[in-house]
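Below is one structure; the comments refer to it alone.
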There are 2 protein chains.
Amino acid sequence: MASANPNKQQRSHSRLNAVLDAGAMLFATRGYKATTMRDIASQAGMQPGSLYYHFASKQELLQAIYEIAVEQAQSRLDEAIRSGKNPQAKFEEAIVCHTETMLDQDNYARVMTGVLPGDAPEIEAELTTLRDGYEDSFRRLIRALKLPPKVDRKMLRLFVLGAINATRTWYAPGGKTPRQIGLQIVEILKQPL
Amino acid sequence: MASANPNKQQRSHSRLNAVLDAGAMLFATRGYKATTMRDIASQAGMQPGSLYYHFASKQELLQAIYEIAVEQAQSRLDEAIRSGKNPQAKFEEAIVCHTETMLDQDNYARVMTGVLPGDAPEIEAELTTLRDGYEDSFRRLIRALKLPPKVDRKMLRLFVLGAINATRTWYAPGGKTPRQIGLQIVEILKQPL
DNA sequence: CTATTAACCTAACGTTTGTTTGTCTAAGAT
DNA sequence: ATCTTAGACAAACAAACGTTAGGTTAATAG
C-alpha cells in the first residue's frame, strides 16, 4: 500500500503544465469548439492520446484550466482591491486590474471570455459558478459605492465587465497598453457625457 | 436564352428564407463552429444535402446571413439617428437602437456578435468589412460629439459597443426590456461616477 | 401535352473529431 | 538488481462533420 507521502508528488519531467498552458492559450484565442485535442497535443509537444493520461475528456481539461484561470484572476484582483484606499478607488483599481488580466497574453483568465457558455454542456453549471464567484468581488465593490440615484448597480456591473471583456476582440499589442485601456474606462465612467 | 424577365423570381414554395432564418438563429445562439449543417437543415425542416442547392458551403451561408444582418441593423440605426435632434441625442438614440437590435430574438444582427472572428477564415475579411461599415456610423456620431478632453473617442466607441454586444450573454426575456437596458447605458454614461 | 427546371430528397463519400487500447520507457522504491 | 509505476507513444476506433452525387417531384413555359 505504497508511500506514506500524501503528496501527489508529480515527476519533474511531467508535461502536465505544458498541456494546461497549451489548452489555455488555444481555448482563449480560438474558443472551445474550434480547438481540437490534436491542436493542444501538438502545441504541448506530445501525442493526442497522451492527453488522456492527464484528463479524462476535453471538458475536464477545460474545467481544470478554468479553475486555474479563476484562481489566478481572483488573487490578482484581491491584491488590486486591497491597494485602493476607499470604495471608489478600490473600484477603479479593480477595473484596471481586470483589464490587464484579460489582455495578458500568458494568462489563463482569457479562457473565461473566450469560451462560450454552453459549449461544454456537461460542466456548464460548474463554469458558471466559478465565474460568478469572481464577479462577486465586483458586486461587493459596487454595492459599497456612492452612486447617482438613476444608476442601477447591477447594470453598472454588467456594462463595465462587458466592456472590459470585449477588449480582447480588438486589442492588439503595440498600441495602447492594457493599463492605459483600463484607465480610459475609468475616465469615461467619471466624466459626464 | 430564356426569359426576358431579369428578376430572379423565387418560387413561392422555396424555403430559402427558412434556411436563412434557421442559420441566423443557430449561429447567433450557439456560434458558428458549434452549429452543424444538420442542425440548420433540421431547424429549417429539410435534409442536410438540400442546403447545398442554396449555398455552396457553410461559409457562404454565413456570409449571406451576415450581409442581411448588417443591412437590417444599418437601416434600423439610420432611422434612429435621424430621430435625434442634436449630436448628443443622436448618439443616445443610436445606443438604445443598437441594444434593441442585439437583443431582438428574431433578428439576424446577433450573428455579428455570436460568430467569433476567424471562425470562418476564408471570408473573415468580408465579414470584418461589413461590420466595420456598420460601426462607421458610431464613429461619425462620436466625432460630432462635444466631449471632455480626457476622453478618447475611439475608446469610447469600443467600450460602448463592447458593453452593448456583451448584453447578449446575460440578457433574459422577462426582466428589463431591451429598451430599458439601452437607456440605462445612456444613463451611466451621463452620470459622473 | 411535353420539356424544362427550381427545389428538394436519399444516400453516401472522405475527413476530422474525441477517445480508447495496448505497448514502451525510464525513474524511483525496495 | 529487481519491481513498480508515472508518463508517454503509436495506432486505431466509432461517431460526427462538411460535402457530393444522383434521383424525384411539381410547377411553369412553349
Side-chain angles (χ1 to χ4, degrees), chain A residues 1-23 26-27 30-65 115-116 118-124, chain B residues 1-23 26-27 30-65 115-116 118-124:
Chain A
M1 288 285 154
S3 91
N5 187 353
N7 300 356
K8 278 201 173 180
Q9 163 176 352
Q10 66 187 22
R11 291 203 185 167
S12 55
H13 61 285
S14 167
R15 301 228 291 275
L16 173 61
N17 277 319
V19 172
L20 290 168
D21 287 351
L26 290 168
F27 285 153
R30 300 186 195 173
Y32 179 75
K33 286 271 182 186
T35 301
T36 73
M37 293 299 267
R38 283 169 178 80
D39 290 338
I40 297 171
S42 167
Q43 177 75 23
M46 50 197 290
Q47 298 295 326
S50 307
L51 299 174
Y52 288 82
Y53 173 76
H54 299 284
F55 301 98
S57 70
K58 189 185 180 186
Q59 302 208 14
E60 279 195 17
L61 170 58
L62 171 62
Q63 184 167 355
I65 292 171
V115 172
L116 297 189
D119 265 357
E122 297 176 21
I123 56 168
E124 188 180 358
Chain B
M1 294 290 156
S3 92
N5 186 354
N7 300 357
K8 278 202 177 179
Q9 163 177 351
Q10 67 186 22
R11 291 203 186 167
S12 56
H13 62 284
S14 167
R15 302 229 291 279
L16 172 62
N17 278 318
V19 173
L20 291 167
D21 287 351
L26 290 168
F27 286 153
R30 299 187 195 173
Y32 180 75
K33 286 270 182 187
T35 300
T36 72
M37 294 298 268
R38 284 169 177 81
D39 289 338
I40 297 171
S42 167
Q43 176 77 21
M46 50 197 290
Q47 298 295 325
S50 307
L51 298 175
Y52 290 81
Y53 172 76
H54 299 285
F55 302 97
S57 70
K58 190 185 180 185
Q59 303 207 13
E60 279 195 18
L61 170 57
L62 172 63
Q63 185 168 355
I65 292 171
V115 173
L116 297 188
D119 265 357
E122 296 176 20
I123 57 168
E124 188 179 358

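Residue numbers begin at 1 in each chain, while the letters A, B, ... track the order of the sequences.
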- Message: Give the residues of residues 36-49 of chain B touching DNA chain D, defined as any heavy atom closer than 4.0 Å, sorted by residue number.
- Response: B:Thr36, B:Met37, B:Arg38, B:Gly49

- Query: Near DNA chain D, which residues from residues 50-62 of chain A have a heavy atom under 4.0 Å away?
  - Reply: A:Ser50, A:Tyr53, A:His54

- Message: Could you work out, with side-chain hydrogen bond (donor to acceptor under 3.5 Å, both in side chains) as the rule, every residue matching B:Thr36, not counting sequence neighbours?
- Response: B:Asp39

- Task: Starting from P on C:dT17, measure out to CG on A:Leu26 and report it in whole angstrom.
- Result: 13 Å

- Between C:dT25 (C1') and A:Arg15 (CZ): distance, integer Å: 13 Å

- Message: Please enumerate all residues that pass salt bridge (Lys or Arg N to Asp or Glu O under 4.0 Å) together with B:Asp21, with sequence neighbours excluded.
- Response: none

- Message: Which heavy atom of A:Gly23 sits nearest to which heavy atom of A:Ile40, and what is that distance?
- Response: N-CG2, 4.0 Å

- Message: To the nearest 0.5 Å, what is the distance between CE on B:Met37 and CG on B:Leu26?
- Response: 11.5 Å

- Residues in side-chain contact (heavy atoms from CB on, under 4.5 Å) contact with B:Leu116, at least two apart in sequence or another chain: B:Asp119

- Who pairs with B:Ala44 by side-chain contact (heavy atoms from CB on, under 4.5 Å), at least two apart in sequence or on another chain? B:Ala18, B:Val19, B:Ala22, B:Met46

- Message: Under the rule for ring-ring contact (aromatic ring centres under 6.0 Å, His included), what residues qualify as partners of B:Tyr32, not counting sequence neighbours?
- Response: B:Phe27

- Sorted by first residue and then second, give each side-chain hydrogen bond (donor to acceptor under 3.5 Å, both in side chains) pair with at least one member in residues 40-62 of chain A; sequence neighbours left out. none

